[in-house]
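Lettering of chains follows the sequences in order, A, B, ..., and the numbering in each one begins at 1.
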Protein chains: 2
Amino acid sequence: MRMRAAVLEEFGAPLAVQEIDLADPKPGEVLVRLVACGVCHTDVYTASGADPSGYAPAVLGHEGAGVVEAIGEGVKDVKPGDHVVTLFSPQCRECEHCRSPRTNLCLAIREQQNKGFLPDGTPRLSRDGEPIRHFMGTSTFAEYTVMPEIALAKVPEEAPLDRCALFACGLSTGLGAAMFTAKVEAGSTCVVFGAGMVGLGAVAGARLQGAERIICVDLSEDRLELARGQGATDTWIGGEETVQRVLDETRGFGADYTFEATGNVKVMRQAVESARMGWGLCTVAGVAGKGETLEMVPRFLITGRRVCGSSFGGVKGRDQVPQLVQRYLDGDLDVDPFISHRITLDEVNHGFELMERQDGIRSVIEF
Amino acid sequence: MRMRAAVLEEFGAPLAVQEIDLADPKPGEVLVRLVACGVCHTDVYTASGADPSGYAPAVLGHEGAGVVEAIGEGVKDVKPGDHVVTLFSPQCRECEHCRSPRTNLCLAIREQQNKGFLPDGTPRLSRDGEPIRHFMGTSTFAEYTVMPEIALAKVPEEAPLDRCALFACGLSTGLGAAMFTAKVEAGSTCVVFGAGMVGLGAVAGARLQGAERIICVDLSEDRLELARGQGATDTWIGGEETVQRVLDETRGFGADYTFEATGNVKVMRQAVESARMGWGLCTVAGVAGKGETLEMVPRFLITGRRVCGSSFGGVKGRDQVPQLVQRYLDGDLDVDPFISHRITLDEVNHGFELMERQDGIRSVIEF
C-alpha cells in the first residue's frame with residue numbers, strides 16, 4: 001500500500017514527508033493505522049547523526065498509538081479494530097529475559113530490529129522498489145506501520161489514543177523507573193533530576209508508590225510547575241549546590257531514591273551523590289552522549305549507595321503498558337498536561353525544533 | 001595499665017613498638033587481651049599517610065581477636081573469659097541503620113571513632129600523660145585494647161583465635177560481599193577480580209551461596225591456586241582482554257555477579273562491564289586511592305547492569321561474625337591457607353613489607 005511517512009534521508013537534514021510503500025504484514029506481523037505519535041528525544045538524536053548506530057534512509061518515530069487494520073498469519077493476541085501502543089521494547093514472553101522477572105530486555109528480535117529490519121531480516125518499507133529501513137522496530141512517523149505482534153500492547157478502547165501514545169516511550173519510562181526498576185517504597189524520599197517527559201513520569205511513579213517526599217530538580221520554572229502537578233512536594237532550580245542541598249534536607253544522609261532523567265553525565269554524578277548512605281538507589285534513565293562517562297567516587301558505593309539504569313522503565317510492554325494506561329483511566333495519572341503541542345505529520349520537523357528549544361514536554365503528531 | 005603497642009608516630013615512618021598506658025574501661029567498654037591480629041591493607045594505607053583522614057600518634061591495627069579481661073559498668077553481652085573478634089564496624093542494634101536490614105553501617109559511635117576516640121570523646125591510650133588516639137575504634141596492634149561492647153563479636157571458644165582474627169576484616173568483607181551484599185543466587189555465574197583476602201573471601205562466599213561457576217581473576221598464579229582451593233572453577237590471569245573473555249564465556253551476556261577486590265579503578269570498570277546485561281550486579285569491595293574515580297559508560301546501566309559497594313561485606317558484626325565463624329567450625333570454610341606468615345608484635349613492620357610486596361595473603365601477629 002501507499003502511505004505518507006517522514007523519512008530520514010540524510011543525517012542532520014530535515015525529515016522528508018512523502019509517499020512511500022508499505023508491504024503487507026507477514027506471519028506474526030500486524031498492520032497498524034497510526035492515530036497519534038509523540039516526538040521523542042531519541043528521534044531527534046538519531047536524525048542528527050549523533051547516534052553511531054543510526055542509519056538512513058529510514059522512517060523514524062517510535063512513540064505511537066493506533067488501531068489494528070490487518071493481521072498476518074498466526075497472530076493471536078490482537079485483531080482488527082484493537083487499539084494498540086507500539087513497543088520499541090517488545091515482549092515475546094518466551095525468551096530467557098522475558099521469562100525472568102528481573103529484566104524487560106526481550107531478546108527475541110533484538111538483532112534484526114537494531115539493523116532496521118523486521119524479525120525475518122527484511123523491511124516492509126520501500127520506495128520505487130528500493131528498501132527503506134525501520135527505526136526502533138516501530139517507524140511510527142507514518143500513517144501506517146507493520147510491526148511484529150510481540151511489539152504491540154493492546155490498550156483499552158476508552159483511552160484516547162493521543163494520550164496512549166505517551167505510554168509508548170517517555171511516560172512509561174519515567175513511571176516504570178520509579179515503579180518497576182527502583183520499586184520506590186512508601187514513605188521514602190525521592191529526588192528526580194530533570195522534569196522532561198521521563199522525569200515527570202518518575203515523579204508521578206514515585207507518587208503512585210506512596211513516596212512521602214518528592215523533590216524535583218530542573219532548570220525551568222515552567223517544567224517544575226508541571227512537576228508539582230504530578231506530585232512533586234519540593235521543586236528546585238538545579239545547580240552546583242544541589243547535592244549539598246539534598247544532604248541538608250535529609251539530615252545529612254541523602255535521598256532513599258534518586259532518578260536521573262536528563263542524559264547529562266554531570267547530573268548523573270549528582271544523582272549518585274544525592275543518594276542516601278546505607279541504601280540509597282540511583283536510577284539512571286537518561287541517555288548520555290556518545291563517548292561520555294559517568295564519573296563516580298567509589299567511596300559513595302562502599303558506603304552503601306547503589307546505581308542502576310532503566311530502559312523503558314523496566315516495563316514489560318505487553319503486560320504492563322495496559323496496566324499503566326488503566327491507572328490513567330482510573331484517574332491516578334494526569335496525562336493531559338504533557339501534551340504541549342499537537343501537530344500534523346507534515347509539521348514533524350517543527351516538532352523537532354520545539355524539542356530542541358525545550359518548548360513544552362511533548363509534541364504529538366495527529367494523523 | 002602498661003602494655004606494649006605499635007604506635008604510628010609519623011606518616012611514612014615505621015611503626016614504633018613501645019610501652020604505653022591503657023586506661024580502664026569506662027561504662028559500656030571492655031578490656032580485651034589480644035591473642036592474634038591480622039595485618040590488613042588499611043593499616044598500611046593509613047601508616048603511609050595516603051589516607052587524608054589519618055592522624056598520629058595512634059595505635060594501628062583492626063583485624064584482632066582476643067579474650068575479654070574486664071568489663072566496664074553496664075556491659076551485658078560479654079564477660080571476662082569470652083572470646084571476641086574486634087569490630088571496626090560496630091553494631092549497636094538500636095540506631096536507624098542497625099534497625100534496618102538494608103545496611104550494616106551503624107551510626108552510634110561513628111563520629112568519635114573517626115576522630116580516634118572512644119564514644120565519650122576521649123582516648124584510653126596515652127604516653128607520659130599525653131593522649132594517643134585509637135584507630136578504627138580498635139587499635140589491635142597492642143597487647144590489650146579497650147573497646148565499646150557494641151564493637152565486639154563474641155565467638156565460639158572452640159574456634160582458634162588466630163583464625164578468628166581474619167573474620168575481623170578481610171575474610172568477612174569478602175564472604176559478606178557475596179553472601180549479604182550481592183546475595184549471590186544458587187546456579188549463577190560469578191567473576192571475582194582480585195585474589196587477596198577479600199577476593200578469596202568472595203570466592204568462598206559465592207561457593208557457599210551455591211554459585212555454579214566462579215571465575216577468579218588475578219595477576220598471581222600463587223593466589224589463583226588459593227582461589228581454586230576456595231572454590232573458584234576458573235582462574236585467569238587478568239589483562240585488557242578480561243571483559244571480552246567473560247563475554248565470550250557467557251554467551252555474550254556477562255556474569256550474573258561480579259566482585260571487585262583490588263581497589264584499582266580500572267579493574268572496577270572491568271567488573272562493571274563484565275556484569276550481565278539485564279540484571280548483572282557489580283559489587284565493589286576494594287578501596288580506591290584518594291581522588292580516583294570509577295568511569296562508567298551509562299549505557300551499561302541502561303541495559304540492566306547494577307553497581308553497588310560493600311563495606312565489611314554488609315556484615316552486621318555482632319550477629320553475623322559468630323555465624324561466619326560457625327561456618328568455619330562446621331567445615332564449610334577453609335581458613336588456614338589464608339595465614340601465610342606468623343609474626344610477633346615487634347615484627348609488625350615486617351608484616352607491612354610482606355603486604356607491600358604482596359607476599360602471601362595474611363601476616364598474623366601472635367601475642
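- B:Val265 touches chain A through its side chain: at least one heavy atom from C-beta onward sits under 4.5 Å away, while N, CA, C and O do not.
- Shown here for B:Gly278 and A:Thr103, the closest heavy-atom pair between the two residues is O-CB, 3.4 Å.
- Closest non-hydrogen pair, B:Thr303 versus A:Leu105, comes out as O-CD1, 3.4 Å.
- Taking a 6.0 Å sphere around CD of B:Glu111, one finds it holds 12 or fewer heavy atoms contributed by other residues, nucleotides or ligands.
- Of the atoms belonging to A:Ser100, it is side-chain heavy atoms, and not backbone ones, that fall under 4.5 Å from chain B.
- When the candidates B:Ala288, B:Gly263, B:Cys308 are compared by the number of heavy-atom contacts under 4.5 Å with chain A, B:Cys308 comes out ahead.
- Chosen from A:His97, A:Arg306, A:Arg102, the residue pairing most often with chain B at heavy-atom distances under 4.5 Å is A:Arg102.
- In this structure the side chain of A:Met296 reaches within 4.5 angstrom of the side chain of B:Met296, judged on heavy atoms.
- With a 4.5 Å cut-off on non-hydrogen atoms, B:Ser311 touches chain A through its backbone and its side chain both.
- Note: A:Leu301 leads A:Leu301, A:Val284, A:Leu107, A:Thr283 in heavy-atom pairs under 4.5 Å with chain B.
- Of all non-hydrogen atoms in A:Pro298 and B:Leu294, the two that sit nearest each other are CD-N, 4.1 Å.
- Taking chain B as the reference chain and counting heavy-atom pairs below 4.5 Å, the highest number among A:Met268, A:Arg276, A:Glu292 is found for A:Arg276.
- Counting non-hydrogen atoms of other residues, nucleotides and ligands closer than 6.0 Å to CD of B:Glu241 gives a total above 12.
- Taking A:Lys266 as the reference, A:Asn264 meet the side chain to side chain contact (heavy atoms under 4.5 Å, CB included) condition, with sequence neighbours excluded.
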